[in-house]
Amino acid sequence: MRPPSWLPFLGPPVAGLTAGVLGRSEPNVWLLILVATAVGFLPIIAYRLWKRWHHRRPD
């Protein structure tokens with residue numbers, strides 16, 4: 001099974017949702033930016049790992 005091609009594009013919406021949810025309870029702007037950036041890169045990293053695993057797997 002190949003990774004979906006739209007998976008890396010989920011990064012910005014996920015980062016925005018994280019910032020919105022965390023911004024309601026956390027007043028520290030730098031922590032908010034750091035966490036939103038880290039969470040925003042998770043779909044991109046997951047896509048790359050999935051793609052690497054898919055290409056290395058013998059079919």
Side-chain angles (χ1 to χ4, degrees):
M1 185 172 166
R2 293 180 49 184
S5 60
W6 48 264
L7 186 62
F9 297 103
L10 285 179
V14 170
L17 287 172
T18 302
V21 170
L22 190 61
R24 296 182 61 90
S25 63
E26 181 61 46
N28 188 351
V29 175
W30 291 111
L31 179 64
L32 178 68
I33 292 171
L34 180 69
V35 171
T37 303
V39 171
F41 277 111
L42 286 179
I44 299 168
I45 294 168
Y47 175 77
R48 288 292 179 187
L49 290 175
W50 190 348
K51 195 171 179 179
R52 179 179 290 177
W53 179 75
H54 175 72
H55 285 290
R56 287 188 180 186
R57 190 178 58 165
D59 288 330

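Just so it is clear, the model here is predicted, and its values are computed rather than measured.
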Could you pull out all donor-acceptor pairs under 3.5 Å where a side-chain atom in residues 11-25 meets a protein atom, sequence neighbours excluded?
residue	atom	partner	partner atom	Å
Thr18	OG1	Val14	O	2.8
Ser25	OG	Leu22	O	3.4

Residues that, via side-chain heavy atoms closer than 4.5 angstrom, fall in one hydrophobic cluster with Leu34: none
For residues 40-50, which side-chain donor-acceptor pairs fall under 3.5 Å, sequence neighbours excluded?
none

Who pairs with Leu31 by side chain to side chain contact (heavy atoms under 4.5 Å, CB included), at least two apart in sequence or on another chain? Glu26, Asn28, Val35
Please check if Trp30 and Val39 belong to a single hydrophobic cluster, counting links between Ile, Leu, Val, Met, Phe, Trp and Tyr side chain heavy atoms closer than 4.5 Å. no
